[in-house]
Amino acid sequence: MKAAEKFVLICCLFQGVLCREFSISLPESIEALRGLCVLIPCSFDFKEQYDEELQNSPRGVWYKGDSWAKHKVFSSKTTEDNKIDGKIIGDLYRKNCTTIFYNISESDSGEYYFRIVSGNLKYIYPSSLYLNVRASPISPSITLYKEDQGEVEDQNEVVEGTSVSLICSARSPCPFNPPIFTWNFPPEERKQEQNHNTRFRSSQLNFKATRLHHGLNFTCTATYQLQNMTKSAQSSFRLHVLYAPRNMSVSVSPSASVPLGSSVSLSCSSDANPAVLNYAWYRENREQIGTGKHLTISKIASTHRGLYYCRAQNQLGDQKSSVYLDVQCEYSSVFKYYINLESSFQT
Ligand SMILES: *[C@@H]1O[C@H](CO)[C@@H](O)[C@H](O)[C@H]1NC(C)=O
Ligand SMILES: *[C@@H]1O[C@H](CO)[C@@H](O)[C@H](O)[C@H]1NC(C)=O
Ligand SMILES: *[C@@H]1O[C@H](CO)[C@@H](O)[C@H](O)[C@H]1NC(C)=O
Ligand SMILES: *[C@@H]1O[C@H](CO)[C@@H](O)[C@H](O)[C@H]1NC(C)=O
Ligand SMILES: *[C@@H]1O[C@H](CO)[C@@H](O)[C@H](O)[C@H]1NC(C)=O
């Protein structure tokens, strides 16, 4: 083992005692909304030799600018000359510099640097936070979660019957004024609100996907209450539901009552997603007599009388539908003629 490695090892063993450096933990950037407050999570550390100094009523100061030119915008000690109204809500004695700036405006956008001042401990941390103050909120994001499958990447397809959740997540820069969520769906589809962390809020819509949800546009709106107005942002999500053939029907042209010797065409229709892969036609004896959406029988004979079944199938299943084909024999039309004749005599 080389000397340098040994040193690193020892150093790590005694970390916190021997090796503390000046460091700060800040988000790289924060999206804030004009007129709202913004919470800045912050914690700092310094060389152990300054431990005593921190007991000297520490003061946190925020500077705005860049690495060359910075100006003070906030200090936890004075209130009069603060350019930004705010408060350090973290406990500086415990190296927590978490800060809230109230009623932020667009001109407050920029790089922010933290400085700790306590006795001989006076240090401005070189890592900065970029505060981006917007006039309008950023649109929320909607993610689809499927039962047992977790987050669904890059797609919005779901098989009918699956329990799904749509989670709408929006930024919540100000903990006192989180966004209020609304969905364009009735409340029977259960919804919950939860916090995943301090800077985002979310709302969850849980339901079992049915084909009636296919193609629907789920819209989530996040509304922020500002001083004297509200601002909202929304996102939409189009759900694709895959389902087996449904709502089948068989139609007969020209009619289901066919004269001997004529020809007839049967058509099968169904609603399926993805579209029907194949159609098959059967008689009562289960003999397959054709495939395809249409079945044509030319030269109808009396043996053609009976039930005809159509079966439609896609990747998710199949469904059957039937129609009764009646063959009119010649005598029956003659018989009809007599009935008509009789009734005309009666009148
Ligand atoms: C810092 O203080 C804030 C506000 O009191 C608190 O929410 C947060 O958990 C603290 N952070 C740490 C690292 O203790
Ligand atoms: C918030 O800031 C705006 C613009 O800087 C100002 O006009 C307004 O009076 C402030 N509102 C409050 C409640 O401080
Ligand atoms: C979904 O609905 C929203 C609001 O009703 C609308 O603004 C948006 O254009 C719709 N999206 C699509 C893809 O139809
Ligand atoms: C809200 O207040 C600001 C100043 O604080 C004003 O400029 C704006 O017109 C007000 N908006 C409404 C909708 O009253
Ligand atoms: C079934 O199909 C018929 C005719 O194609 C249509 O009018 C009806 O709305 C469909 N029903 C459903 C539940 O899709």
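Position 1 is the first residue of the sequence, and the numbers go up from there. Counting starts at 1 for both ligands and their atoms, following the listed order. Treat the numbers as computed from the prediction; the structure is a model and nothing was measured.
- A cation-pi arrangement is absent between Lys122 and Tyr50 under the rule of less than 6.0 angstrom and at most 45 degrees off the ring axis.
- Surrounding CD of Glu28 are at most 12 heavy atoms belonging to other residues, nucleotides or ligands under 6.0 Å away.
- Few gaps surround NZ on Lys95; more than 12 heavy atoms of other groups in view lie less than 6.0 Å from it.
- Applying the 4.0 Å criterion to heavy atoms of Gly90 picks out, from ligand 1, the atoms 2 (O).
- In this structure, Tyr113 has its ring center at least 6.0 angstrom away from the ring center of Trp62.
- Nearest protein heavy-atom neighbour of atom 14 (O) of ligand 1: Asn96 ND2, 3.6 Å.
- Among Asp85, Asn103, Asn228, Ile84, the residue whose heavy atom sits closest to atom 2 (O) of ligand 2 is Asn103.
- Among protein heavy atoms, the minimum distance from atom 4 (C) of ligand 1 is reached at Ile89 CD1, 3.8 Å.
- Taking a distance limit of 4.0 Å, we find that atom 7 (O) of ligand 1 is approached by no protein heavy atom.
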Report the C-alpha distance between Arg115 and Tyr123 in whole Å, list the side-chain angles of each, state the deciding distance to 0.1 Å, and finish with yes or no for side-chain hydrogen bond (donor to acceptor under 3.5 Å, both in side chains).
CA-CA 5 Å; Arg115 183 176 191 222; Tyr123 189 77; over 6 Å; no
